[in-house]
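Working notes, structure below.
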Amino acid sequence: MTLPEDYDASVVEAKWRRRWRELGVATTDLSRHRDKMVVLVMFPYPSGDRLHIGHWYNFAPADSWARFQRMRGRNVFEPMGYDAFGLPAENYAIQHGVHPAESTRANVAYIRGQLEAIGTLYDWSRELNTSDPEYYRWTQWLFLALRRRGLAYRARAPVNWCPACGTVLANEQVEEGRCERCESEVTKKDLEQWFFRITDYAERLLAGLDTLEGRWPAKTLLAQRHWIGRSEGAEVDFQLVGRPERLSIFTTRPDTLYGVTYMVLAPEHPLVETITEPARRGEVGRYAEAARGMRDIDREALGREKTGVFTGAWALNPLNGERVPVWVADYVLAGYGTGAIMAVPGHDPRDHDFAAGHGLPVRRVIEPADGSRAPEGQAYSDPSGRMVGSGPFDGLAGDEARGRVVRELERRGVGRGRVHYRLRDWLISRQRYWGAPIPVVHCGRCGVVDVPEEGLPVLLPERVDFQAPRGERSPLITAQEWVRTACPACGGEARREVDTMDTFVDSSWYFLRYLSAGRSDLPFDREVVDRWLPVDMYIGGPEHATKHLIYARFITMVLKDLGWVGFEEPFARLFHQGLITRDGDKMSKSRGNVVSPDAFVGRYGSDVFRMYMMFMGSFADGGDWNDQGITGIDRFVARTWRLYRRALDSPASTAEGASGVVEARRALHASVQAVTRDLEGFAFNTAIARLMELVGVLGRTLDAGPVDASFLDDALDRLNRLLAPFAPHLAEELWEARGGEGLVVDAPWPDYDAELARAPEVEVAIQVTGKVRARIRVPADADEETLKEMALAHERIRELVGERPIRKLVVVPGRLVNIVV
RNA sequence: GCCGGGGUGGCGGAAUGGCAGACGCGGCGGAUUCAAAAUCCGCAGUCCGCAAGGGCGUGGGGGUUCGAGUCCCCCCCUCGGCACCA
């Protein structure tokens, strides 16, 4: 069979996508789980921006890797879906009057086409959409399951509020005091909200990270460890003077207890009102009020002078009985520990700062363990220091000192060892429309009542007023008929919860649903899930290190405890792709330098587009897009096409007169070896470089004269398979033209002969004292002795070395000889 | 401020402690062509030199080593994470 003169990507790619679809190539039989491999990418949010280059850079290389695994005999499952709930669709509705369901439907339809154009092997029979009632009924089911476990609760708390989005946000969604979505400054509000008790799982989330060591990126493990923020210390009770209450504080430095010179309550601390002396109520009240209303970004601004006021109350140090004043200051956070601290200005820089500004005394009770002197005028906070001025504890240092103090506190019943985490409970309610309704009702008589499972899904009402001013309420409040309902418990009048769930709840379990997509009796089938999961390879951006990736781990652990899954880490391996820049700049709409995938795919075809992205740089680091650069790949494809066309058009000769085959065969086997190794490690860029070299060698071999027919056939066959993960459409077309059996996507990955891959002769550098002075060609297996002799016999080397004595001679066979004089 | 990643030709980027710059873009020269496009071949870190050859070169400074882009210490720049968490 002969090939047309030129490769027409648009025709060929459409043809093979149609063929793959007709043959059901991408449909995975989940009942056959031998050698299973789930290759998952983070599903996209279907916005009006459609799939951008970042999505392509996530999906296309991931698919190439999955195709490689498939050819190596793995039973690969590549699912795809849409994280379709969320704010942008709703904001679009507010601005343009298009219902979110409508705009989402349109976006999904368009994006589906883009996804198909990539040429991925997604199993569309298991496509899912989180805004589909058949999906979100199970998100609601999950909420109820957490409720029954006591892991979902409603509480009034100071929460993050984004005024522009008109909703509360989880801690994880606030970045530098700003909303991660719209970058507005976030304020604190005291509101009653729904939380998931993720802090109950802090220790397990931390412990699980150890099992992922080496299988997840180290920086992501580190980010999660920091985010969870375990710290060991003690809770210490200070008796208030003239009052029955005790003031409990958390400290990681019980060894500094003799250095306490004052106490501080967070402005939101419940004791502030009770303990403040009447004469100071006005001042303290005003201060607490002001602090509470401050934006986080201001309150947490670094370098800001620490403010605070004295409450007039005093507390007793449980170890030395000393009276210390109790202050209120906003540098103490309400949400951490007990919301109160003991202040040790001698050994804590923050307390030192505050004490200096408010005339409070500084006392030294820790000194350097090595006998040196701590610098004056600043806090000495080295935890290895030795206790001084601390009565019976003097001389103790570090962990031992802290342990002894804690034991003494416990003995006296005024303190105990404690561990606190930086992690906060996950705030999951949102005052927005386009999300899964929280399935509870509020009944005047029964309180908060769960909607029974038979009542799921609680459907989102279609008719709501997005424009109505709503204060702190969700737009669902405007769907009055929907809000009014009967209490599932008593049958009386009740009102539906109008808040919806954070979309991160939707995405915290989607990977489970893929395995049972379409099941209406279950969220997922444990038997199937346990056979196919954990996900073998999860590929997505690093921006979810402390959001989605923590939430999904938490939910999986909860589901394990509930007996719904048999594992507790959902993602066995994780890989973060890098970022694509353009001519050195980050791509952004405001810069106007965004690469439109559709335009380039239209011009060059998706194989070329995909390969260029993979060629630009290493997958983990990303790369720099250059409009010219893609021509290199375009030429490579054209060259490859020509190679096959030439080889097929002019049948090669037999061995008689065949030339250059030895070197070509070596290149062939070396290429298979290198490409295989590179693909295993996601080194797509160097793998493609190898393919380019191989195509070059084979082309020149053809130029040189008739080539042995069986070798040529073998070379074209192996190269064809090597190309398949990178340029799947092109590879199918070549496979068909060569009369290959079935499809190349189903063909086994080629093997190689390591012996044949080795070069018979290598160039060895001869150095004189570390500088390369000559190169010699030697048999690859030349031993040390031979190399030594050849090096010393080399004319130029003899000149350079001359009469000088040789101090040392280093021989690295196959590499170099270094003569040190 | 703390923690982590990274600084390599004009550009994107390669290099288990062993010949720095694979592969590609752009550039230059040649072949082909009436000419151009396309294609193929060649040159190309930088400085000195007609050349042979040599000096200098992986952000800067020091060190370990026969040998350092790679390992160690200090510094600069840059990107990312965290940021009053007691």
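Lettering follows sequence order; numbering is per chain, from 1.
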- Can you list the residues that meet the salt bridge (Lys or Arg N to Asp or Glu O under 4.0 Å) rule with E680(A), with sequence neighbours excluded? R72(A)

- Task: Mind checking salt bridge (Lys or Arg N to Asp or Glu O under 4.0 Å) for D781(A) and listing every partner two or more places apart, or none if nothing turns up?
- Result: none

- Message: Rounded to whole Å, how long is the line connecting atom NE2 of H226(A) with atom P of G5(B)?
- Response: 12 Å

- Could you check how far OH of Y604(A) sits from C1' of C25(B), rounded to whole Å? 12 Å

- Message: Surrounding CZ of R807(A) (heavy atoms of other residues, nucleotides or ligands, distance under 6.0 Å), is the total greater than 12?
- Response: no

- Query: Less than 6.0 Å separating the ring centroids of W56(A) and Y612(A)?
  - Reply: no

Pick the [atom1] atom in [N] and in [M], then give their distance to the nearest Å.
N: G18(B); M: G67(B); atom1: C1'; answer: 7 Å
N: G54(B); M: C75(B); atom1: P; answer: 39 Å
N: U33(B); M: C25(B); atom1: P; answer: 25 Å
N: C82(B); M: U8(B); atom1: C1'; answer: 31 Å

- Query: Which letter, B, S or -, goes with each nucleotide of nucleotides 66-71 of chain B from 5' to 3', with contact meaning a protein heavy atom under 4.0 Å?
  - Reply: BS----

- When Y421(A) and R815(A) are each assigned the nearest nucleotide of RNA chain B, the 5'-most assignment goes to R815(A)

- Message: Assuming nearest nucleotide by heavy-atom distance, tell me which of G629(A) and R422(A) is located more 5' along RNA chain B.
- Response: G629(A)

- Under the salt bridge (Lys or Arg N to Asp or Glu O under 4.0 Å) rule, what pairs show up with a residue in residues 614-636 of chain A, not counting sequence neighbours? R582(A)-D627(A)

- Message: With salt bridge (Lys or Arg N to Asp or Glu O under 4.0 Å) as the rule and sequence neighbours excluded, what pairs involving residues 666-679 of chain A come up?
- Response: E663(A)-R666(A)

Counting side-chain heavy atoms from CB outward, which of [options] is closest to [X]?
X: E693(A); options: G80(B), C23(B), C84(B); result: C23(B)
X: L222(A); options: G54(B), C23(B), G4(B); result: G4(B)
X: F615(A); options: C23(B), C25(B), A86(B); result: C23(B)
X: R639(A); options: G18(B), G55(B), C40(B); result: C40(B)
X: R642(A); options: U39(B), G12(B), C82(B); result: U39(B)

So what does [X] hit on the nucleic acid, given a heavy-atom distance under 4.0 Å: a base, only sugar-phosphate, or nothing?
X: W625(A); result: nothing
X: R700(A); result: sugar-phosphate
X: R773(A); result: sugar-phosphate
X: N685(A); result: sugar-phosphate

- Query: With a distance cut-off below 6.0 Å to the six-membered ring centre and an angular limit of 45° from the axis, does K306(A) pair with Y331(A) as a cation-pi contact?
  - Reply: yes

Got a list of protein N/O to nucleotides 6-8 of chain B N/O distances below 3.5 Å?
none

- Query: What pairs with R690(A) under side-chain hydrogen bond (donor to acceptor under 3.5 Å, both in side chains), at least two apart in sequence or on another chain?
  - Reply: E693(A)

- Item | Contacts of type side-chain hydrogen bond (donor to acceptor under 3.5 Å, both in side chains), residue D607(A), not counting sequence neighbours | H729(A)

Under 3.5 Å, which N/O atoms of the protein pair with N/O atoms of nucleotides 26-29 of chain B?
from	atom 1	to	atom 2	distance (Å)
G26(B)	OP1	Q628(A)	OE1	3.4
G26(B)	OP2	R635(A)	NH1	3.3

- Measuring from Y262(A):OH to W327(A):CH2, what's the distance to the nearest 0.5 Å? 8.5 Å

- Ignoring hydrogens and geometry, is there a side-chain-to-backbone donor-acceptor pair from H269(A) to L265(A) under 3.5 Å? no

- Check: P725(A) main-chain N/O paired with S64(A) side-chain donor or acceptor under 3.5 Å: yes

May I have the list of side-chain donor-acceptor pairs in residues 808-821 of chain A shorter than 3.5 Å, sequence neighbours left out?
from	atom 1	to	atom 2	distance (Å)
N818(A)	OD1	T769(A)	N	3.4
N818(A)	OD1	G770(A)	N	3.0

Which donor-acceptor pairs under 3.5 Å do side chains of residues 415-422 of chain A form with protein atoms, sequence neighbours excluded?
from	atom 1	to	atom 2	distance (Å)
R416(A)	NH1	E235(A)	OE2	2.8
R416(A)	NH2	D237(A)	OD2	2.5
R418(A)	NH1	E235(A)	OE1	3.1
Y421(A)	OH	E203(A)	OE1	2.1
R422(A)	NE	H226(A)	O	3.3
R422(A)	NE	W227(A)	O	3.4

- Dot-bracket for RNA chain B: what is it, with Watson-Crick or G-U pairs under 3.5 Å, [ ] where a pair crosses earlier ones, and | for a pair to another strand? (((((((..(((.....[....))).(((((.......))))).((((....))))..(((((..]....))))))))))))....

- Message: Is there a side chain to side chain contact (heavy atoms under 4.5 Å, CB included) between F684(A) and F615(A)? Walk through the geometry before answering.
- Response: CA-CA 7 Å; F684(A) 303 114; F615(A) 183 67; over 6 Å; no

- Task: Please state whether the base of C3(B) and the side chain of K219(A) form at least one donor-acceptor pair under 3.5 Å?
- Result: no

- Enter syn or anti for the glycosidic conformation of G9(B), syn applying to angles within 90° of 0. syn

